[in-house]
Amino acid sequence: MAATPVPTSERRLWTFHGGIHIADEKALSNASEITVAPIPKQLVIPLQQHIGAPARVLVEVGERVLKGQCIAAADGYVSAPVHASSSGTVIAIEARPVPHPSGLSALCAVIETDGEDTWAELPEPLTHYAQLDPAEVRERIRWAGVVGMGGASFPTGVKLNPGPDRRIDTLVINGAECEPYITCDDRLMRERASRILEGVRIMRHLLGGPGVLIGIEDNKPEAIAAMRFALGESDLRASAEVVAIPTRYPSGGEKQLIRILTGKEVPSHGIPAQIGIVCQNVGTAHAVAEAVLEGRPLISRVVTVTGRAITTPRNLAARIGTPAAELIAHCDGYREQPRKLVCGGPMMGFELHDQVVPVTKPVNCLLALTAAEAPDPGQALACIRCGRCADACPANLLPQQLYWFARAKDFDHAQDYNLFDCIECGCCAQVCPSHIPLVQYYRYAKTEVWAREQEKRKAEEARQRHEAKQARLERQERERQARLRQKKEALAAKAKAEAGDNAGSEAKQAAIAAARARAAAKQQGTGEPADGA
Amino acid sequence: MTSTLISSPHVPRVNRVDRVMLQVLLALMPGVLAMIWFFGWGVLVNVILAVGFAVLAEALVLLLRRRPVLPALGDLSAVVTAVLFAISIPPTLPWWMTLLGMLFAIVLVKQLYGGLGYNPFNPAMAAYVFLLVSYPVAMTNWLAPELLSGIDLSFSDSLAMILHQVLPAGVDWDAVTAATPLDEMRTQLDEQLTIAEIRDQSALWGVFGGRGWEWISAAFLLGGLYLLWRRTITWHIPVSMLAGLLSLATLFWLIDPQTHPFPAFHLFSGAAILGAFFIATDPVTATTTRRGQLIYGACIGATVFVIRTWGGYPDAVAFAVLLMNIAAPTIDYYTQPRVFGHGRERAR
Ligand code: SF4
Ligand code: SF4
């Protein structure tokens, strides 16, 4: 599709296919200043809050920990450490329910807080980061456990290290916050704009000084003004720009935002760095600034607690590990019984079935929806092939065909129709007149494909193991037989030689036969592929 | 589904099948009213009969298939099928043919394939063609517009005509029936008359098309524009179908205006407008990709022109639509959109 520029007074913008306009519901919470949530009695800190390998526990049950103390270390390159978010005593390290779409439990460190909130000794601020080796600065970000705060939670240090042969020419800062209801980034930009820009400055330095585009949806004029003002004061002025983009869900999707701001498409199954772009969320920029300039690990984040079932919707700076129920209580609890409690936004978030789950690094919103806000879509009808879903799909897929194949469990065809390019944004399901839970079908199909691939891998490994064993046994058996034969022949030859008659020629024959047998055995032995190694 | 969790999005859905169908029914109203105005109560009787038969047939099949009856009836798709069928058949058609048509449409064409969403053929058009092939005389026995025949059949007269095939005393069939404009044009052209002669010798012609017919088409056009405005349909199929029909019609008319009727005649004399906005746009049986819809519509338009000009039937919308229903999956396959982040390739 040809690039379609949207002329604006300042900057040329591009569009992406599809997307939807949807009531943004930001007014419920966007007037609420970020306030610090109280220290909960217990912090439940999951050891894996990021994409990659789980962190390795460093503390023991009964141990006293301080605020900011590392309680689990990164295990591997793509991993992130976890820190205590307040001081207290570790009372358990066990599986607890965590915010996860499948309602899973995972290993968590449970800390009984002492209310003193005593800081551990923190590393020196790196205010002179520009003079330091970038590796050292990255190490600090890594140490601080910073991960993508927009939801993906990929370790930030890794993303800021695209490698020597990848030139990054644009750093895209995602302040779009396109999901309805969520206002944590909006508030952060209004209240901490200069801190965010400091983080941007650090990231830009680490990436070799690319141009910076900060994309914010135009339904957040205050945030745009605050960021523009802060930028005007900063020396980033010359290399960065705050761009107001049209409000259209999902403009805050990484690929969509990059497309809007640069006109480039991230290749399917690829990453932005392949086209010279790195994309970071404003919250991540803030966390980077805290880590580098203050030496503070990522132990708290802003969470929007909202929805019409919440008495007083708020933006709270919550310690990582604070149970959802405590934050909701701090917002004066429920005004009415919610129909569902969602973690994340209404379009892509998942339903929580347990209010005790803790806030983790990627949790940006706790959304208590009333029956009116999230009505039961009712019985799904048959797909009438109206194509509304395809019109709305930002990935330009044919959701109706994907649905057809997913339903028929024809996963090969689903993949041919690019199942894995689906970003699960939910636009298709929102517009479908038959109320088909389309995203659910795609998730199901993806899980099935993964499971099958894993099974195939396992089966293949098992087959290879089995064949190797089979071959080994056969070879051993053949060798035993060959040895036996040799022995017999040798014995026979010896007996004949001892008998004295025609000894010479027979012994020769026996020797030839034995050699032949050896050769044959050897040939067969090496002919086995699996056993050679 | 393996999971009982209801997946995102957690927002109200903006569209509903029954509302879509209701919009279509609403949009059909101007056209239906115009038909009643020009052809009398027989049109209304047919609509009522067809809707009744269709709903009964659908309920019956659903009961036999042990499927919930009310949701399927509630989607109103059977009603839309029935209305489209009822306004395609002559207002004189014996009631049992309508019954036959509706049974054919709902039981065979729709439900035997699995119900709404699974039928490859447009049920209303399939039923129409089935009857046209089986009862060609009855199916082409159109009433003359009232303003031509001057005979005003009351509701009960129309009912008697459809139920018992009797006319009021003193009126005979020749007085009330007339060839459709397309039929007339075909017959006359076959007799080597020129367009000018044909237009001169009969009172059948109006401003751009057949008298009466042109206003009916205009009323359907109004409804179609309403559907576009409400975004119940997209422009792709109607525009491409009318463009396909018009471009061929214009081409041949330019080549020889005395043997080919002027383009507006094609638009306003038969079912072209109705077909473009209400029949070819049936999503279930059309192509589903937008690019495919352009091809689909254009081919229907072209086929309509070809059949009208050289084929054996005076009007051709039903045939053209059914023909392209067959091609729809193939067109869909070759017109997949370029997926975000992909080069110009399509799925294998
Ligand atoms: S929007 Fe729903 S009914 Fe329409 S084509 Fe897509 S899946 Fe089918
Ligand atoms: S959920 Fe997937 S298929 Fe549906 S609109 Fe989003 S990207 Fe397209």
Side-chain angles (χ1 to χ4, degrees), chain A residues 1 16-17 22 101-103 180 255 259 265-270 340 342 346-351 353 367 369 373-375 377 379 381-388 390-391 394-398 400-401 413 416-418 421 424 426 429-435 437 439-441 443-444 447, chain B residues 1-21 68 70-72 74-75 77 114-119 231-234 236-237 281-290 292-293 328-329 332-333 335-348:
Chain A
M1 197 166 295
F16 59 92
H17 176 268
I22 179 166
S102 59
K255 295 179 172 189
R259 163 82 191 164
E265 283 185 16
V266 178
S268 164
H269 303 289
K340 48 173 121 175
V342 172
M347 292 303 291
M348 291 184 74
F350 51 89
E351 196 172 347
H353 289 272
L367 183 57
L369 295 167
E373 290 175 292
Q379 180 72 39
L381 303 177
C383 167
I384 56 168
R385 303 175 61 73
C386 62
R388 282 181 171 79
D391 288 345
N396 212 1
L397 297 166
L398 292 172
Q400 67 274 51
Q401 310 290 60
H413 264 104
D416 288 346
Y417 277 76
N418 302 303
D421 281 298
E424 298 178 16
Q430 204 254 352
V431 299
C432 174
S434 291
H435 298 190
V439 181
Q440 200 161 324
Y441 277 98
R443 289 204 178 120
Y444 158 73
T447 320
Chain B
M1 285 282 58
T2 49
S3 157
T4 54
L5 290 176
I6 290 299
S7 174
S8 54
H10 314 277
V11 288
R13 306 297 191 262
V14 285
N15 300 310
R16 260 171 61 177
V17 172
D18 55 351
R19 292 212 195 111
V20 171
M21 297 292 174
L70 283 182
D75 70 27
S77 60
L116 178 67
Y118 298 96
N119 48 306
R231 301 192 187 202
T232 306
I233 57 172
T234 61
H236 303 77
I237 292 178
T281 48
D282 165 32
V284 175
T285 56
T287 44
T288 187
T289 68
R290 296 298 179 216
Q293 290 179 345
D332 275 337
Y333 179 84
T335 52
Q336 292 169 42
R338 185 189 65 86
V339 173
F340 188 97
H342 281 255
R344 311 211 143 264
E345 79 218 29
R346 57 164 184 270
R348 276 165 286 135

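This is a predicted model, so every value here is computed, not measured. Throughout, protein chains are lettered first and strands after them, A, B, ... in sequence-line order, and every chain is numbered starting at 1.
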Worksheet item: What distance separates A:Gln401 CD from B:Thr289 OG1, expressed to the nearest 0.5 Å?
Response: 8.5 Å
Worksheet item: Can you check whether B:Pro337's main-chain N or O pairs, donor with acceptor, with A:Asn396's side chain at less than 3.5 Å?
Response: no
Fill in: Region of A:Ile384 that comes under 4.5 Å of a non-hydrogen atom in chain B
both
Practice prompt. Using only heavy-atom distances, determine whether the side chains of B:Arg13 and A:Ser434 contain a donor-acceptor pair under 3.5 Å.
Written response: no
Discussion item. Quick check on B:Arg290 against chain A: is it the side chain, the backbone, both or neither that has a heavy atom closer than 4.5 Å?
Written reply: side chain
Item to complete: Say whether, by atom type as modelled, one donor and one acceptor occur between the side chain of A:Arg388 and the main chain of B:Thr232 under 3.5 angstrom.
Response: yes
Worksheet item: Does the side chain to side chain contact (heavy atoms under 4.5 Å, CB included) test come out yes or no for A:Met347 and B:Ser8, once each step is laid out?
Response: CA-CA 6 Å; A:Met347 292 303 291; B:Ser8 54; over 6 Å; no
Discussion item. Between A:Val439 and chain B, with a heavy-atom cut-off of 4.5 Å, which part of the residue counts as in contact: side chain, backbone, both or neither?
Written reply: both
Discussion item. Measuring from atom CG of B:Asp18 to atom CG of A:Leu381, what distance do you get when rounded to the nearest 0.5 angstrom?
Written reply: 8.0 Å
Response to the item:
CD (A:Glu351) and NE2 (B:His10) are apart, to the nearest 0.5 Å, by 6.5 Å
Item to complete: Could you tell me the separation between the CZ atom of B:Phe340 and the CD atom of A:Glu265, rounded to the nearest 0.5 Å?
Response: 4.5 Å
Response to the item:
Taken to the nearest 0.5 Å, the spacing of B:Arg231 CZ from A:Asp391 CG works out to 10.0 Å
Discussion item. Please identify, among A:Ile22, A:Leu398, A:Leu369, the residue contributing the most non-hydrogen atom pairs under 4.5 Å to chain B.
Written reply: A:Leu398
Worksheet item: Can you say whether B:Val11 sits under 4.5 Å from chain A via the side chain, the backbone, both, or neither, judging by heavy atoms?
Response: both
Item to complete: Measure the CG-NE2 distance between A:Asn418 and B:His342 for me, rounded to the nearest 0.5 Å.
Response: 4.0 Å
Item to complete: Would you mind checking which part of B:Thr285 comes under 4.5 Å of any heavy atom in chain A, side chain (CB onward), backbone (N, CA, C, O), both or neither?
Response: neither
Discussion item. Quick check for you: among A:Gly349, A:Cys383, A:Pro394, A:Cys432, which has the greatest number of heavy-atom pairs under 4.5 Å with chain B?
Written reply: A:Gly349
Discussion item. Is A:Pro180 close to chain B through its backbone or its side chain, or both, or neither, when contacts mean heavy atoms under 4.5 Å?
Written reply: neither
Item to complete: Flag the pair B:Pro12 / A:Pro375 as yes when at least one side-chain heavy-atom distance between them is below 4.5 Å, and no otherwise.
Response: yes
Discussion item. Salt bridge or not between B:Asp332 and A:Arg385? Use side-chain N to carboxylate O under 4.0 Å.
Written reply: yes
Worksheet entry | Part of A:Cys386 lying under 4.5 Å from any heavy atom of chain B | both
Discussion item. Among A:Ser268, A:Pro267, A:Ala382, which residue has the highest count of heavy-atom pairs closer than 4.5 Å to chain B?
Written reply: A:Ser268
Worksheet item: Given that the side chain runs from C-beta out, which part of A:Gln379 has a heavy atom under 4.5 Å from chain B: side chain, backbone, both or neither?
Response: neither
Discussion item. Less than 4.5 Å to any heavy atom of chain B: does that hold for the side chain of A:Leu367, its backbone, both, or neither?
Written reply: neither
Practice prompt. Can you tell which part of A:Ala390 gets under 4.5 Å to a heavy atom of chain B, answering side chain, backbone, both or neither?
Written response: neither
Item to complete: May I ask you to name which of B:Asp282, B:Val17, B:Thr281 has the most heavy-atom pairs under 4.5 Å with chain A?
Response: B:Val17
